[in-house]
Number of protein chains: 2
Amino acid sequence: MDTLANLPLTEATLFILLSLAPEPKHGYAIMKDVQALSEERIVLSTGTLYGALKRLLEQRWIRRVNDPSANGDARERKAYALTEQGRRVLRAEVSRLQKLVKAARLRAVEDQG
Amino acid sequence: MDTLANLPLTEATLFILLSLAPEPKHGYAIMKDVQALSEERIVLSTGTLYGALKRLLEQRWIRRVNDPSANGDARERKAYALTEQGRRVLRAEVSRLQKLVKAARLRAVEDQG
DNA sequence: GGCAATATGTCGCCAGACGACATATAGGAG
DNA sequence: CTCCTATATGTCGTCTGGCGACATATTGCC
């Protein structure tokens with residue numbers, strides 16, 4: 001209920017939600033997307049990924065959907081989409097991060113690039 | 001050596017370093033400062049605080065200094081200061097956070113708060 | 001004298017990241 | 001036809017670290 005109480009998100013969770021923000025994806029696609037998004041810095045192990053997805057489903061921040069890239073064949077891939085709740089949490093987290101960066105600037109902690 | 005390898009910082013660690021950025025402080029002052037900085041959202045338990053300080057000393061991101069507010073009395077308080085290494089890590093972390101916020105904006109995750 | 005704020009510390013629990021391992025299919029190189 | 005890689009999903013055990021609970025001592029106000 002109280003989305004604020006769940007913050008901060010772990011880095012893995014944050015990137016997974018961020019990856020699902022534009023459109024639903026299946027597990028492996030999330031893994032690749034997070035790598036690209038983080039400029040190869042984050043390589044989610046499958047243990048982290050599927051563990052996080054399980055927790056996210058339980059919290060109802062994401063839900064199972066039909067994979068749009070599936071073409072009716074035998075192999076069924078599991079795709080995940082953000083719920084409204086999940087989107088709210090993501091927005092709250094990004095907002096928290098922005099405040100934090102501003103606070104850091106006030107402390108004269110300027111980035112060097 | 002490789003400061004980038006230590007990221008991301010945990011929230012507690014980040015706020016402790018941020019608190020020490022302007023000037024050295026002792027443990028209890030850090031606790032109070034972090035509360036103010038985070039608008040009362042983060043209340044460090046002493047377990048978190050002194051556990052983190054111990055790790056930070058071992059990593060040489062902070063070092064012990066004479067408490068500037070001590071006035072030669074019996075009770076000696078332990079003050080901590082950022083090392084150059086610690087300041088580099090802090091800058092790197094803030095820089096990472098900024099990139100992340102920018103990436104989130106590109107994904108159309110706009111903050112409402 | 002008692003109570004709150006200041007100040008520093010330890011211990012055990014638990015969540016979660018991560019590496020290792022396991023399994024299965026599809027497609028291209030040799 | 002076989003091997004290797006990419007795609008794809010999952011479990012298990014370990015370790016780090018946050019956090020609440022507990023312990024202890026000093027200072028200053030009422």
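Below, chains carry the letters A, B, ... as their sequence lines are ordered, and counting in each starts from 1. Below, each value reflects all heavy atoms present in this structure, side chains not excepted, and no hydrogens, waters or symmetry copies.
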Length of the line joining B/Tyr28:OH and C/dT6:P, which is rounded to integer Å: 4 Å

Contacts of type side chain to side chain donor-acceptor pair (under 3.5 Å), residue B/Gln35, not counting sequence neighbours: none

Who are the side chain to side chain donor-acceptor pair (under 3.5 Å) partners of B/Thr13, not counting sequence neighbours? B/Thr10

Just the rounded figure in Å: distance from P of C/dG19 to CE of A/Met31. 12 Å

To the nearest Å, how far apart are A/Ile42 CD1 and C/dG19 P? 12 Å

Residues two or more places apart in sequence or in another chain: which of them pass side chain to side chain contact (heavy atoms under 4.5 Å, CB included) with A/Leu57? A/Ile62, A/Arg64, A/Tyr80

Taken in chain and number order and not counting sequence neighbours, the residues that satisfy salt bridge (charged side-chain N to carboxylate O under 4.0 Å, His left out) with B/Arg107 are A/Asp33

Rounded to the nearest Å, what distance is computed from the CG atom of residue A/Leu56 to the P atom of nucleotide C/dA15? 15 Å

Does B/Lys25 use its side chain to pair, donor to acceptor, with the backbone of B/Ala79 at less than 3.5 Å? no

note: A/Leu57, atom CG; C/dG16, atom C1'; distance rounded to Å ~ 16 Å

What nucleotide, of C/dT8, D/dG18, D/dT7, holds the atom closest to the side chain of B/Thr10? D/dG18

Across all chains, not counting sequence neighbours, the side chain to side chain contact (heavy atoms under 4.5 Å, CB included) partners of A/Arg60 are none

Looking at D/dT11, C/dT10, D/dG18, which one has an atom nearest to any side-chain atom of A/Tyr50? D/dT11

Enumerate all atom pairs, one protein N or O and one N or O from nucleotides 14-16 of chain D, separated by less than 3.5 Å.
none

Calculate the interatomic distance between A/Leu49 atom CG and C/dG19 atom C1'; express it in whole Å. 14 Å

Of B/Lys54 and B/Lys32, the one whose nearest nucleotide on DNA chain C sits closer to the 5' end is B/Lys32

In whole angstrom, give the distance that lies between atom CD of A/Gln59 and atom C1' of C/dG16. 12 Å

Which whole-number value in Å describes the distance from B/Gln35 CD to C/dA5 C1'? 13 Å

side-chain hydrogen bond (donor to acceptor under 3.5 Å, both in side chains) pairs touching residues 48-57 of chain B, sequence neighbours excluded, are B/Ser45-B/Thr48

Counting the atoms with a prime plus P, OP1 and OP2 as sugar-phosphate, which does A/Phe15 contact under 4.0 Å by heavy atoms, base, sugar-phosphate, or nothing? nothing

With the threshold set at 4.0 Å, does a side-chain nitrogen-carboxylate oxygen contact exist between B/Arg41 and B/Glu11? yes

Could you write out each protein N or O paired with an N or O of nucleotides 20-22 of chain D at a distance under 3.5 Å?
unit_1: D/dG20; atom_1: N7; unit_2: B/Ser45; atom_2: OG; d: 3.4
unit_1: D/dA21; atom_1: N6; unit_2: B/Thr46; atom_2: OG1; d: 3.3

Test of understanding: with side chain to side chain contact (heavy atoms under 4.5 Å, CB included), list the residues that count as partners of B/Glu39, not counting sequence neighbours. A/Lys99

